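Here's the structure we're looking at; comments come further down.
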Protein chains: 2
Amino acid sequence: MPCSISSATICLYDSNRISLAAATDLSFTEDVGRRFASYGWQVLAVADGNDLAELQQAMEAAREERSQPTLIMIKTRIGYGSPNKEGSCEAHGSPLGADEVMLTKEGLGWPPEPAFHIPAEAMEHCRRAVKSGKAAEAAWKALLEKYRLEYPAEAAELDRRISGKLPDGWQKNLPVFPADPKGLATRAASGKVLNNIAPCLTELVGGSADLNPSTLTALAGAGDFQSPRLQPADRQGAVGGPWDYSGRNVHFGVREHAMGAAMNGMAAHGAITPFGATFLVFADYLRPSIRLAALMGLHLVYVFTHDSIAVGEDGPTHQPVEHLAALRAIPGLTVIRPADANETATAWQVALEKRDGPVALILSRQNLPTLDRSILAPADGVQRGAYILAESQGGEPDLILIASGSEVSLALSAREKLHGQGVRARVVSMPSWELFDARPTDYRNLVLPPQVKARLAVEAGSSQGWHRHVGEKGDVIGVDRFGASAPGQAAMEAYGFTSENICTAALALLQKRH
Amino acid sequence: MPCSISSATICLYDSNRISLAAATDLSFTEDVGRRFASYGWQVLAVADGNDLAELQQAMEAAREERSQPTLIMIKTRIGYGSPNKEGSCEAHGSPLGADEVMLTKEGLGWPPEPAFHIPAEAMEHCRRAVKSGKAAEAAWKALLEKYRLEYPAEAAELDRRISGKLPDGWQKNLPVFPADPKGLATRAASGKVLNNIAPCLTELVGGSADLNPSTLTALAGAGDFQSPRLQPADRQGAVGGPWDYSGRNVHFGVREHAMGAAMNGMAAHGAITPFGATFLVFADYLRPSIRLAALMGLHLVYVFTHDSIAVGEDGPTHQPVEHLAALRAIPGLTVIRPADANETATAWQVALEKRDGPVALILSRQNLPTLDRSILAPADGVQRGAYILAESQGGEPDLILIASGSEVSLALSAREKLHGQGVRARVVSMPSWELFDARPTDYRNLVLPPQVKARLAVEAGSSQGWHRHVGEKGDVIGVDRFGASAPGQAAMEAYGFTSENICTAALALLQKRH
């Protein structure tokens, strides 16, 4: 059954030709009506925003248009009625002030008292909405009850999604990846996880900013979210399945900012868990929306792939360096950078179970070994933010190697090398600062015992903030400059991300302590 | 003499209906030609990008149009000539591959060898540019010589600006602010500095993203950068002086991203030092441009005002919290947050003398005391990133208070209070991490002696990264959550930014050490 329900979308454009600082003539010459028409909108004009009959007529025309959104351009005068500030940018950002308010009331024939006066007609008009709102609510509830009776399974699913509860046993769909030294990119693991869980988690709706072949975030066969009116001949890139509003794959286009904003709207509506993907370096383009998601405690998932200088040939414009630090600085955002395929599965689990705020998954472009969990700690340690992945061999650790993402397997190799030199090194995988900080002190002290001062953090990103974890006697192998145009592996080696360099830095750290 | 020189601006739009991931039909329904027409562009169309005569004709028509920019929409086929990939998104992001290259050459009637083949006609055509380029260069040089003879003063100024040298003695124009407990906002001090130095530093060109009344970045009387063809009746917000391309005030409008991009273009052109202003919380909107400026080592100045939760009533959406940390994470960007009016003057001096990269000035909305430099260290300490503003009274410090911006005067009050309780506290003003990190170790150890472990950093922003300066035994009074809707002073008090709370935290720190 094609899904093509649509209602009128109406945008009221208050065209008063004034911005905070100036008349819009100083910075704005476009023809707004023609611009929106070029986007495929119906454009209506109201010559005088105080002419209620004209406004009413435009609203009614807009309500009748279901096939395209409507922009109603309404000419108004800012600060209407104020004898000295009407039509002035002074009326934009500052209050009129007591004297000017008095003059305005006088000019409009309003009583000077009370200060906050509501005319009886206005009150009566607004109160009518109580009655009509109650009727609308009752009608909606009756419709929902009817739906519950006719479609009990769909209604139960709707209730589940609105309540934010995940289906019982959904985690059984999370894949378990066998140990594999060649491994796979965490973006690829993420793609498998998504496609395994999507059939059961119908609330998952999302896509990428024109990067599906790279971020691997397409839900195969789950439909393309499109207007069924548009039936283009060329559907290259379509995911397949229904081509209508039931499609769960959103083609955001090269519009990271809009993607972030749309995700917020979907999450605020409820019953949907939106995900949106792009390269980590482009996370900057949606920061304002990420900030709002965190501020509002919205539940949604960002999938940021191509997460370090290991991106390679595209060079420093495409190699994220400061982005991990910049994302971690946002209060309320949980950032998770898994080390292998199984940590990626747990990261998705955390992201979906964490209902009270947004989560950013930071994933590699390049293959990473799938770690052998029969000899290493289980990947569900991700839930605790950081965990002892490999204990020091032969006694208390001389040194702790802390790493995230693609650097974890390097730390494991370094641990082996250090063992050969008689150094007992513990490897801590730390995919998420926020999850670790939320654990009790006892657990944190277990993972990073205060008495072990030799700590080396290894992460292919800005070192900013790592000193809190490694302490004064510790060190960080990070990236505090821009990347370089080179094959990914060569860039990583040149920037010191090799097990040899980790060993050297670790030994220097122990040296310094003696 | 009105300045109205303009040349043709031509944008070639390669319309191949393919994006990285898909046919553009999946995410793009706008009528691009009508959209650009609505912006006031001339729009021309070329039906076949391989029709050189048609292209030539469009280019010539575009060159003749000087009063508006021209968009030439050129229909092309991506991967032209490739039998299996022409018109496909596979030809966008990946190489064709050796086999398909062979098939393409075959189809086009090209020789299979050499692999990188340049047809003789193409070579000859391109090499013609050498000759015409040399002629154009010679003509330009002759024109410049003529200009030098006719306008020696203007030519000398042009040479100075292109070379990036500041005029001798320009610093004399920097205002010195008298000590004043009431003081003024650092944004206000910045406005005075700018207007004092602008007449002498003609390379300063800039403005704000529709926030001149708030960021105080207008250059009074220095003209509005506008097309002289546009002569609007309403010029509210105009700065005054010439209304043409000699205007040094750019009205960027509510377009932070475009402001950042335009600044980069101006700086890359040379002979101009652009500045651009907005609220610190909106710095997120121009991060991609800031990153590129830092990557390219462009010299320009960002003026970010309203720099903390002290912004007040506008609430958490307008109160920056994580932005200082996020900006500091960008390699090559120098961030300076001055503590008072005189530090602001030095910050501008540093920003203008630092030719090898962008500088962000972080300024307060609220008044800050102008510190009494007759009893405190001089404000030129800003050049060193951090300096001892007030030494501990009566011997070696028990404790170091490190603060930036609006929190420095609080730290000074706390120092007095601590003195009353027998605690010797040093106050370090640290307006810039980057400038401090660039100083020799000796200097850094002088300011923050390694043996003084009790260190308290106070900054109304994310604590991320401060642990590197305060060490394991230190502490940070920062803001690791979102702000709140309240008067600025009330918000600051509720978040612990009072001299009393600083004292309490300082005493707790000393307690913990014993």
Side-chain angles (χ1 to χ4, degrees), chain A residues 17-23 25-31 34-35 37-40 88-89 93 208 210-214 224 226 230 232 234-238 251-254 284-285 287-288 291-292 295 316-317 321-322 325-326 328-332 462 464-465 467-468 471-472 480-482, chain B residues 17-23 25-32 34-35 37-40 88-89 93 208 210-213 224 226 230 232 234-238 251-254 284-285 287-288 291-292 295 316-317 321-322 325-326 328-332 462 464-465 467-468 471-472 480-482:
Chain A
R17 303 188 69 83
I18 289 297
S19 64
L20 182 140
D25 285 341
L26 265 66
S27 60
F28 201 75
T29 55
E30 72 188 49
D31 180 331
R34 283 175 74 192
R35 178 172 159 208
S38 81
Y39 293 152
S88 137
C89 59
S208 71
D210 191 43
L211 285 170
N212 272 354
S214 301
D224 297 273
Q226 295 283 358
L230 298 171
D234 189 347
R235 296 197 186 183
Q236 278 184 70
H251 298 281
F252 291 107
V254 189
D284 277 346
Y285 286 103
R287 272 184 82 80
R291 177 171 219 266
L292 287 182
L295 182 51
T317 53
V321 168
E322 72 276 26
R328 286 172 180 151
I330 299 176
S462 168
Q464 184 177 299
H467 297 84
R468 190 163 65 87
E472 245 168 78
D480 291 314
R481 51 181 169 139
F482 286 108
Chain B
R17 303 189 67 83
I18 289 296
S19 64
L20 182 141
D25 285 340
L26 265 65
S27 59
F28 202 74
T29 55
E30 73 188 49
D31 180 331
V32 173
R34 283 174 74 193
R35 177 173 158 206
S38 80
Y39 294 153
S88 136
C89 59
S208 71
D210 191 44
L211 285 170
N212 273 353
D224 297 274
Q226 295 284 357
L230 298 172
D234 189 347
R235 296 197 186 183
Q236 278 183 72
H251 299 281
F252 291 107
V254 190
D284 278 346
Y285 287 102
R287 272 184 84 80
R291 177 170 220 263
L292 287 181
L295 183 51
T317 53
V321 168
E322 72 276 26
R328 286 171 180 151
I330 299 176
S462 168
Q464 185 176 300
H467 297 85
R468 189 163 66 88
E472 246 168 77
D480 291 314
R481 51 182 170 140
F482 286 109

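The shown structure was predicted, so the numbers you read here are calculated from the model rather than taken from an experiment. Because only heavy atoms are used, hydrogens play no part in the values below, and waters and symmetry mates are left out as well, while side chains stay in. All chains are named by letter (A, B, ...) in the order of the sequence lines, taking the proteins before the strands, and each is independently numbered beginning at 1.
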What is the minimum heavy-atom distance between [X] and [Y], and which atoms define it?
{"X": "Ser88(A)", "Y": "Gln236(B)", "result": "CA-OE1, 3.2 Å"}
{"X": "Arg291(B)", "Y": "Val321(A)", "result": "NH2-N, 3.8 Å"}
{"X": "Arg287(A)", "Y": "Ile330(A)", "result": "NH2-CG1, 3.7 Å"}
{"X": "Arg34(A)", "Y": "Ala37(B)", "result": "NH2-CB, 3.3 Å"}

- prompt: So what's closer than 4.5 Å to chain A heavy atoms on Ser208(B): side chain, backbone, both or neither?
  reply: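 Neither part.
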field: Interface moiety of Asp210(B) toward chain A, non-hydrogen atoms closer than 4.5 Å
entry: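 It is both, since atoms from each part get that close.
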task: Tell me, for Arg17(A) versus chain B, whether the close heavy atoms (under 4.5 Å) come from the side chain, the backbone, both or neither.
output: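 When you check distances to chain B, no heavy atom of Arg17(A) falls under 4.5 Å.
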- request: Please look at Asp234(A) and chain B and tell me whether the side chain, the backbone, both or neither of the residue comes under 4.5 angstrom of a heavy atom of that chain.
  value: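 Contact with chain B: backbone and side chain both.
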Top residue by heavy-atom pair count (under 4.5 Å) with chain A, among [options]?
{"options": "Pro316(B), Ser462(B), Gly332(B)", "answer": "Pro316(B)"}
{"options": "Thr317(B), Leu292(B), Leu295(B)", "answer": "Leu295(B)"}
{"options": "Phe252(B), Phe482(B), Tyr285(B)", "answer": "Phe482(B)"}
{"options": "Asp480(B), Val254(B), Asp284(B), Leu230(B)", "answer": "Asp284(B)"}
{"options": "Ala326(B), Pro288(B), Ala325(B)", "answer": "Pro288(B)"}
{"options": "Gly253(B), Ala22(B), Pro232(B), Ala21(B)", "answer": "Ala21(B)"}

- request: Kindly indicate whether the side chain of Gln464(B), heavy atoms from C-beta on, has any atom under 4.5 Å from the side chain of Gln464(A).
  value: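 In contact.
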Residue selection (most heavy-atom pairs with chain B, distance under 4.5 Å) from Gly471(A), Pro213(A), Gly237(A):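 Heavy-atom pairs under 4.5 Å are most numerous for Gly237(A).
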- request: Without swapping roles, check the side chain of Gln226(B) against the backbone of Leu26(A) for a donor-acceptor pair under 3.5 Å.
  value: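 Between the backbone of Leu26(A) and the side chain of Gln226(B) there is a qualifying donor-acceptor contact (under 3.5 Å).
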